[in-house]
There are 2 protein chains.
Amino acid sequence: MDATRLIRDLLREKQAELTAAERKLSAVLLDDSMVAGLQSITRLAERAEVSSPTIIRLARKLGFDGYPDLQDAIREEIAERMKRPLAKLETTARDDQRDHIVSRFAEAVSSNINRTLDRLDFATFDETAALLSDQSRRLHLLGGRITRSNAHYFFNHLQIIRPGVHLLDNSSSVWPQALLDMGESSTLVIFDIRRYERELEKLANLAVSQGANIVLFTDAWGSPIERRATHVFRAMVEVPSSWDSTLAINFLIEALVAEVQSRCSASSAERIGALEDMIGASRIFRS
Amino acid sequence: MDATRLIRDLLREKQAELTAAERKLSAVLLDDSMVAGLQSITRLAERAEVSSPTIIRLARKLGFDGYPDLQDAIREEIAERMKRPLAKLETTARDDQRDHIVSRFAEAVSSNINRTLDRLDFATFDETAALLSDQSRRLHLLGGRITRSNAHYFFNHLQIIRPGVHLLDNSSSVWPQALLDMGESSTLVIFDIRRYERELEKLANLAVSQGANIVLFTDAWGSPIERRATHVFRAMVEVPSSWDSTLAINFLIEALVAEVQSRCSASSAERIGALEDMIGASRIFRS
DNA sequence: AATTTCTTGTAGTGATTGTTACAAGACGGG
DNA sequence: CCCGTCTTGTAACAATCACTACAAGAAATT
């Protein structure tokens with residue numbers, strides 16, 4: 001075997017011509033930097049839930065003589081990596097890829113989520129989850145130009161979990177109608193990151209004056225709506241891009257969805273069941 | 001053997017009560033961070049120039065059952081060290097809240113993004129970015145029940161950056177019309193994670209038969225559309241929730257947006273300028 | 001110098017491994 | 001719908017493995 005090429009890359013390269021079982025195996029290998037490939041073939045087979053011949057076939061596809069040959073290559077590779085100081089470990093990727101967008105992006109995103117988490121008050125999180133789980137309250141979601149997608153994502157899940165969830169249209173002309181429904185038992189969830197949109201603030205003010213309470217997702221600098229909101233989540237959004245990253249916001253949304261789901265699980269089970277039925281009944285584009 | 005203790009330390013500690021041959025062996029092991037201990041006993045014996053029983057005796061002295069038991073410990077230790085520290089989200093020091101949903105969620109998300117990155121082929125990424133930046137191509141985006149939000153997010157940005165971007169409705173009844181537009185110069189971006197929707201597959205097949213090429217975002221298990229797609233992105237989606245996490249998918253989307261933006265920057269600058277003007281001209285809900 | 005103790009390797013074993021051949025099953029094309 | 005191709009696991013095999021018993025040699029003690 002020639003080697004010099006990292007097995008990880010080899011594996012990714014051939015990914016297209018791999019079969020289902022082989023991909024399952026490759027996933028296990030990729031998962032912990034090929035370390036799983038140092039066990040005996042039998043154990044690896046069990047771990048990846050494939051048969052041992054599948055392992056041999058994959059090894060051959062990658063150009064190795066057999067499993068032991070592949071193991072040798074893996075061991076060599078790992079030995080090579082272990083020699084490096086710990087600090088350099090993370091850049092084991094080939095040098096030319098160290099400053100690939102994806103790498104730089106990953107670093108920024110990681111830092112964003114970390115810092116967002118640092119700033120997050122768990123009490124606020126729990127209170128918000130309780131608020132959103134309260135089925136006697138009506139929920140309205142609203143996003144700005146970019147964050148509308150986030151609002152949509154949140155809506156998508158909440159709507160399945162519980163009743164009384166509404167996504168506000170982004171054409172402000174229909175907002176007045178929606179406002180009619182917002183009273184003391186309403187919660188308005190707003191997403192507002194820079195450039196903060198005046199229209200969102202307007203709506204927030206009107207909603208508050210009608211007794212609704214507001215949950216706000218914004219960025220580190222803080223939207224003007226902050227002072228109207230009872231619960232505020234500040235997320236870090238900066239990445240090496242012309243656009244802001246809403247990944248940290250999505251993180252908060254997903255975590256909230258998980259928590260709300262578990263709080264509503266009893267009542268939402270039948271709701272989801274009913275939904276499944278309706279979906280099944282309405283397939284129109286099928287064969 | 002439990003041994004939460006590092007083998008390296010164990011070895012150093014016992015150094016005094018080791019015999020000459022055993023020390024020779026331990027030197028070889030220490031030399032490359034125990035990696036040599038992953039070979040078969042015979043080969044390690046050759047490499048260290050001792051006999052195989054010596055190896056077993058050392059393993060026993062360290063408290064292991066036998067050589068395979070020692071190997072297991074070494075492998076575990078190495079696996080631990082190989083974990084990529086890159087996007088490692090420290091689930092902060094707050095001990096009392098270590099198993100709060102948010103913390104557990106953070107851990108899962110971190111692992112998801114890392115593993116997604118491990119699996120990501122940079123060449124595929126670059127090719128896709130080029131494809132999406134090619135303004136002579138028409139872009140269509142399509143998502144499933146949940147992933148529709150992701151498609152929407154992607155659409156939201158791409159549409160601002162360049163012309164010819166279309167988001168397919170999620171009611172399949174209007175797809176036939178959209179299909180009319182899909183030819184050889186069309187790219188169809190599909191999001192399909194479990195439960196894979198047959199309708200998406202149908203559409204993919206039809207689009208391919210008309211000459212369109214497909215970029216697919218799916219999960220680790222792989223959608224049936226994979227074989228139709230020219231570019232596939234597999235993301236990890238599992239989190240401690242009843243729902244899957246599309247955060248890793250969003251990561252890919254945002255990174256692609258950044259790259260496409262920078263490739264289109266020249267032409268998109270004026271486009272964004274024009275957009276700003278239009279937004280300014282159409283404020284109807286203002287004070 | 002003789003005896004004991006300790007160290008180490010050799011040779012042989014049973015167990016486990018990696019491998020192959022084959023057959024059942026899934027899948028796609030006509 | 002059937003046929004051929006591709007995929008995958010089962011079962012049997014040979015090779016290799018980890019391990020034991022034993023004995024030769026070295027070192028230490030008397």
Side-chain angles (χ1 to χ4, degrees), chain A residues 1 7 11 14-29 34 36-75 287, chain B residues 1 7 14-29 34 36-75 196 198 201-202 204-209 214 221-229:
Chain A
M1 190 60 203
I7 301 171
L11 214 46
K14 302 256 180 189
Q15 197 74 223
E17 45 191 284
L18 297 187
T19 67
E22 282 163 357
R23 268 205 297 270
K24 204 154 105 187
L25 170 60
S26 98
V28 171
L29 288 174
M34 315 294 297
L38 293 169
Q39 307 169 80
S40 77
I41 199 172
T42 333
R43 290 218 262 159
L44 175 58
E46 276 169 25
R47 163 114 185 257
E49 293 175 311
V50 298
S51 65
S52 53
T54 300
I55 297 176
I56 295 180
R57 282 187 283 257
L58 178 63
R60 299 248 160 89
K61 261 191 191 172
L62 297 179
F64 297 94
D65 275 351
Y67 185 57
D69 191 31
L70 169 65
Q71 281 187 314
D72 287 349
I74 294 177
R75 199 169 343 94
S287 59
Chain B
M1 185 71 196
I7 301 172
K14 301 254 181 188
Q15 201 70 228
E17 42 190 287
L18 297 187
T19 67
E22 283 163 358
R23 266 202 294 273
K24 203 156 105 188
L25 170 59
S26 97
V28 171
L29 286 175
M34 315 293 297
L38 293 168
Q39 308 169 80
S40 79
I41 199 172
T42 332
R43 290 219 261 158
L44 175 58
E46 277 170 23
R47 164 113 184 257
E49 292 176 310
V50 296
S51 66
S52 54
T54 300
I55 295 175
I56 296 179
R57 282 188 284 259
L58 178 63
R60 297 249 161 90
K61 263 190 188 169
L62 296 179
F64 297 95
D65 275 351
Y67 186 55
D69 191 32
L70 169 66
Q71 282 187 313
D72 286 349
I74 295 177
R75 198 170 342 95
Y196 313 111
R198 285 206 60 109
E201 195 187 349
K202 290 272 169 211
N205 288 342
L206 291 171
V208 166
S209 70
I214 291 187
W221 304 280
S223 136
I225 301 175
E226 268 191 22
R227 75 182 72 100
R228 304 280 176 220

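Reckoned from all heavy atoms, side chains included, excluding hydrogens, waters and symmetry mates. Order of the sequence lines sets the chain letters (A, B, ...), proteins ahead of strands, with each chain counted from 1.
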Gap between atoms CZ and P, on A/F64 and C/dG18 respectively (whole Å): 15 Å
Residue met sooner reading DNA chain C from 5', once A/G66 and B/E22 are mapped to nucleotides: B/E22
Sole candidate of B/L29, B/V28, B/T42 that passes side chain to side chain contact (heavy atoms under 4.5 Å, CB included) when paired with B/R47: B/V28
Minimum-distance pair of heavy atoms, taken over all atoms of B/S51 and B/A45: C-CB, 4.0 Å
Length of the line joining B/R227:CZ and C/dA26:P, which is rounded to integer Å: 15 Å
Sugar-phosphate, base or nothing in reach of B/P68, heavy atoms under 4.0 Å: sugar-phosphate
Flag if over 12 foreign heavy atoms under 6.0 Å of CD, A/E49: no
Value in whole Å for how far the P atom of C/dG18 lies from CG of A/L58: 14 Å
B/R57 CZ to C/dT10 C1', straight-line distance once rounded to whole Å: 11 Å
Euclidean distance, atom CG of residue A/L38 to atom P of C/dG18 [Å, nearest integer]: 11 Å
Residue closer to the 5' end of DNA chain D, B/P53 versus A/K61 (nearest nucleotide): A/K61
Nearest to side-chain heavy atoms of B/S51, which nucleotide of C/dT19, C/dG18, C/dG9: C/dG9
Residue mapping more 5' on DNA chain C - nearest nucleotide basis, A/I41 or B/L18: B/L18
Side-chain heavy atoms of A/L44 within contact of A/Q71, under 4.5 Å: no
Sugar-phosphate only, base, or nothing, as touched by B/R23 at under 4.0 Å among non-hydrogen atoms: nothing
Short side-chain N/O contact from B/T54 to OP1 or OP2 of C/dG9, under 4.0 Å: yes
Length of the line joining A/D65:CG and C/dT20:C1', which is rounded to integer Å: 15 Å
Working for salt bridge (charged side-chain N to carboxylate O under 4.0 Å, His left out), residues B/E22 and B/K61: CA-CA 10 Å; B/E22 283 163 358; B/K61 263 190 188 169; 2.8 Å; yes
A/T54 and A/T19, any side-chain heavy atoms less than 4.5 Å apart: no
Whole angstrom value for the distance that separates C1' of C/dA21 from CD1 of A/I56: 12 Å
Integer-rounded Å distance: C/dT17 C1' and A/D69 CG: 16 Å
4.5 Å side-chain heavy-atom contact, B/R57 and B/V50: no
Sugar-phosphate only, base, or nothing, as touched by A/R43 at under 4.0 Å among non-hydrogen atoms: nothing
First-last contacting nucleotides on DNA chain D - partner chain B, under 4.0 angstrom, heavy atom: D/dC17 to D/dT20
